[in-house]
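Report on one structure; see the data block that follows.
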Amino acid sequence: MAGLALALALLALPLAQAQAADTGSATTSGGSSTDTSTATTTTTTTTPESGATDSAVSRTDIDHLIQILQDDKARGQLIEGLRAAAGEEPAAKTEATIPERPATRFLVSLGEAVTGVGRAIAQAGDFVRDFPRFYRWAQHRLSDPDTREQLMLEVGQVVVILAVGGVVEFGLPLLYLAWRRRLERQTPATIWRRIPLALGFTLLRLLPIIGFWIASMAMVAAFRPDPLATLIAVAIVNAHVVTAILSLTPFFLLAPTAPGLRLVKMPNRSARDIYGTISTIIGVAAFGYFAAIAMGAAGLPPHIYEFLLDLLGVVVAGLLALRVWQCRPRTDRQEPVAEPQTAVERSRSWIESIWHWPVLAYIAFALLVWLTRGGDGILFLARATATTAFIAAVIAVIMLGVRHLRSRLEVRTGRIHQRNASFGGRVKLYVHAIIWLILAAVTVIAVLAVAETWSVPIMVWLATVGGERIIGSLISIAIITAVGLVLWELLNFGMERLVRPDDHTLEGMRRAARLRTLLPLFRQVSLAVLALFVVLISLSEIGIDIGPLIAGAGVVGIAVGFGAQAMVKDMLGGVSALIEDTMAVGDVVAAGGKSGVVELMTLRSIRLRDFDGTLHTVPFSDITIVSNSTKDFAFAVFRVNVAYNADIAEVQAIIQRIVKKLREEPEFKARIWDDVEMLGVDSFGDLAVTVLARVKVAPGMQWAVTRRFQGLLKEEFDRERIDMRSPARSISLPPPTVTTAPAETTPNEDEAQTSA
C-alpha cells in the first residue's frame, strides 16, 4: 500500500511540470500565470497597459471559473467583488422570513447530486482525454539522466525516513511482549471484566503507532529532505498512522489474536478475516487519499486531482460492497435450520436474512455523497452515522432499563391483583400504558436527535407558528386525557367503595349485590361520557368544528333509540328493578309465568333455575308482576289437619312446643325470628279440621322450617295418639219396598233381572 502511494506521489512531479509547461506556452501575450494547489488555482489576467489585444485562457482558469459558478458561496463572493469594483454599495443581508420547505430542499439536494455525478463523469472524461499526453511527456522526461538521478535521491530519502519509523514500530512491542502475551491468554468470565482488559490490549497496539509517527517526523525534521521527498514522506506517514488509528476500533471489538478478550462472539477465523478486510479497506482509503493530497499539493491539475479522489471513492465502495456481498446469508445451504419460536427469534432471523441490503444501500449513498460533496460530505456522513449509532446505543440501554422496570412493576401489580382483581387489572393496564408512553417519548426524542444530526429541519419547522400550534394542541390533548383518566379512576374508586359491604348483615349484602349489578352500567355510561367529552375537546383543539358532530350524534342516537326500543325497554326495566330492589341474585321469585331461583341479573333479563334444574331466561319487558318469596323475611305457615274428635287446645300446645324446640336447635336458632303465631281453626274438611299457625323466619328458610316442623309434628301426634283425620263413615240406604203382586214382565226383562 505504501509503495502504491509512493508511486502515485512520484508521478505528481512530471505531471505538475507538464501542466506548468502547457500553461506557459498558452500565455502568448503580456500577463502572468501562477500554478497553485487545489486550494488556490491559476488565474490569467491582461492589463490595458500591456497593449495586448487578446489573451489566452488556460484550462485551469476555465475549471476554476466553473467551480466558482457551481459553488453558491463562492459565486456570491465573486458577485460582491465585482460590485465593489464597480463602486456599488454592498447589498444589505436580509434574513429569509419564510423557512425553506423540506420538499424544496430535497429537490435542490437531488439536483445538486445529479450535477455532482455529472461533474465527476466529466472529470473522468477529461482525465481519459488528457492522460495519453501526460503519459508521453512524463516518459520523455524520465528518460533524462538528471531527472532519474533526482528521483532516485528523493526515493532514497523517503525510504530512509520510513525505515527508521518502521524499526521503531516493530521494535517497540518487544519491550512489552510478555505483557501482551499474558493479555492474549486472559479469558474473563463476564463482559465487564473483559472490557478493561480489551481496552488495555488495544492501547498496547497504539504505542508502536505513536513511536512510528514520532520517529518519522523526527527524521524529517533532522534530515531535511527535498520538498517533494518531504511531501511524499509526510503523506505516507500520515496515511499509515491514520490507517492504524482507524483500525483500533475493529481491533478492540474483534481482538483477532486474543479470543478471550473478544467482545463480539464469532469464530477466530471469521474475526481475523473481518479485521483483515476492514484494515485493508481503511488502508486503501487512507493511502489513496493522502497520495491524492500530495499530488494535488505538488501541482496536479484540479480536474485530474478530483477524478482521482472520485476514483478512490469508487474503489473503496466497491471493496466494501464486495465484502458485504460475500458475507450475505446464503439460501443454498443444505444444513437444517431450526424454525424460530419466539417473536425475538423471528425478528432476529428476519434481520439476518436482509441485513446486507440496507448496508449496500448505505454504501451506495456514501459513494454518492463522496462524488457530490467530497471530503466535507464524507466527514458529515461519518459524524452523523457515529452520532446515530451512539443514539441507538443509548436507546438500547434505555430499553433494557425500561424492560427491567416493567418486570419489577409486573411483579408488584400481580400482588395487587391477588388482593383486588378489579383494581389490580386497572393498575396493570396503566403500567403498560406508562411503559408505552416512556418508549414513545424516547422514540420521539431519538427521532428528533437523529433528524438534527442529519440536518433535517424538524426543529426549525417545530419553531414555526404551525409547529408551535401542533405542539400546543398535543399538550392540551394530553392534559385533557390525563384529567379524564383521573376522573375515571375517582369514579371507579367511589363505585368500588359503595359495593364493598361495610356490614355483613343481610341488608348490607343485598345492597352490595344490587350495586354490583348496577356497577357495569355506571362504568359504561361514565366511560362513554368521559370519552365523548375528551374526544370532542381534542377535536376542537386541533381546529375541527364539533357542532355538526354533536348534531349528527344526536340524530344517530334518536335513530338508534327508535330501532332498539325493545332493548331500551328491557334496560329501563332492569334499572328500575335494581333500583327498587325488587329481586336479587339468590331470591326465589315468580316472574313472567316462570318461577325459580335467580341465578343472574343483567340489565336486559333475569335467569331463573326452577326445581328440576330448568333454566328460564325472562326479559324484563315480559315481566309485569314479580312474586319474591325471599324478600326481607318470610313466614313458615303450618296447616295442621286433625280429626274432629281432637282437642284443639292440645293441638295448639303441641304446635307451640314443637316451634320452641326448633328454636333451640343450632340450625334454626338464628333463622326463626319470632314466636309462633297461632291463628286458630282455619277450615273444616270432610274428614279433618285445619288448624293454622305461622312463624317469622329468615328469607328462604320457610321451606326448611316447615319440613322440620312436619317431621316433629308426626312424632308428637303418634306419641299423643292424635288422629290427623276422622274415621271413615259408612252410609246405609233403606232397601226398596216389595209389592205383593208384582207386575208382569216381558221375557226380556226376566232375563235382565236374572242376569242382575
Side-chain angles (χ1 to χ4, degrees), residues 99 101-102 105-106 342-348 350-351 358 362 380-381 383-417 423-493 527 530-544:
R101 296 180 181 272
R105 293 192 57 178
F106 173 76
T342 63
V344 177
E345 292 178 353
R346 289 193 294 269
S347 301
R348 184 181 302 171
W350 180 75
I351 292 174
Y362 180 82
F380 171 77
L381 183 63
R383 183 171 61 253
T385 303
T387 306
T388 304
F390 176 75
I391 293 172
V394 172
I395 291 176
V397 173
I398 294 175
M399 293 297 182
L400 292 176
V402 171
R403 183 179 179 182
H404 180 68
L405 176 62
R406 183 177 61 184
S407 301
R408 293 176 62 89
L409 291 177
E410 286 180 351
V411 174
R412 299 284 182 88
T413 54
R415 296 174 182 173
I416 297 175
H417 190 272
F423 181 69
R426 292 201 309 276
V427 170
K428 187 175 182 180
L429 180 63
Y430 285 124
V431 166
H432 285 289
I434 291 173
I435 294 298
W436 280 107
L437 286 176
I438 293 174
L439 295 178
V442 171
T443 303
V444 170
I445 294 174
V447 169
L448 292 177
V450 171
E452 190 69 19
T453 300
W454 291 90
S455 297
V456 179
I458 295 181
M459 298 300 296
V460 176
W461 179 79
L462 291 177
T464 60
V465 177
E468 291 179 353
R469 182 175 180 181
I470 291 178
I471 294 175
S473 299
L474 292 177
I475 294 175
S476 300
I477 292 173
I479 294 174
I480 293 168
T481 305
V483 171
L485 291 175
V486 171
L487 293 177
W488 168 243
E489 284 304 315
L490 290 176
L491 289 173
N492 278 319
F493 177 78
L527 180 60
L530 287 176
L532 181 62
F533 274 103
V534 169
V535 171
L536 291 178
I537 296 175
S538 300
L539 291 176
S540 65
E541 283 292 331
I542 61 177
I544 297 177

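What you see below is based on every heavy atom in this structure, not just the backbone, and it leaves out hydrogens, waters and symmetry mates. As the structure is a computational prediction, the values presented were derived from the model and not from experiment.
Between L381 and Y362 there is a side-chain heavy-atom pair separated by less than 4.5 Å.
Side-chain N/O atoms of T388 and W454 include a donor and acceptor closer than 3.5 Å.
A distance of 4.5 Å separates CE in M399 from OG1 in T443, rounded to the nearest 0.5 Å. Annotation: the span from I477 atom CD1 to I537 atom CD1 amounts to 10.5 Å, rounded to 0.5 Å. Remark: I479 CD1 to L474 CG distance equals 11.5 Å, nearest 0.5 Å. One finds the CG atom of L530 at 11.0 Å from the OG1 atom of T481 (value rounded to the nearest 0.5 Å). Taken to the nearest 0.5 Å, the CG atom of L536 stands 10.5 Å off from the CD1 atom of I480. Separating the CG atom in L485 from the CG atom in L490 is a distance of 11.0 Å, to the nearest 0.5 Å.
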Evaluate R403 against I435 for side chain to side chain contact (heavy atoms under 4.5 Å, CB included), listing each step before the verdict. CA-CA 9 Å; R403 183 179 179 182; I435 294 298; over 6 Å; no
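Each of L448, T385, T387 was compared with T453 under the side-chain contact (heavy atoms from CB on, under 4.5 Å) criterion, and only T387 meets it.
Annotation for I391 and A446: closest pair CG2-CB, 4.1 Å, computed over non-hydrogen atoms.
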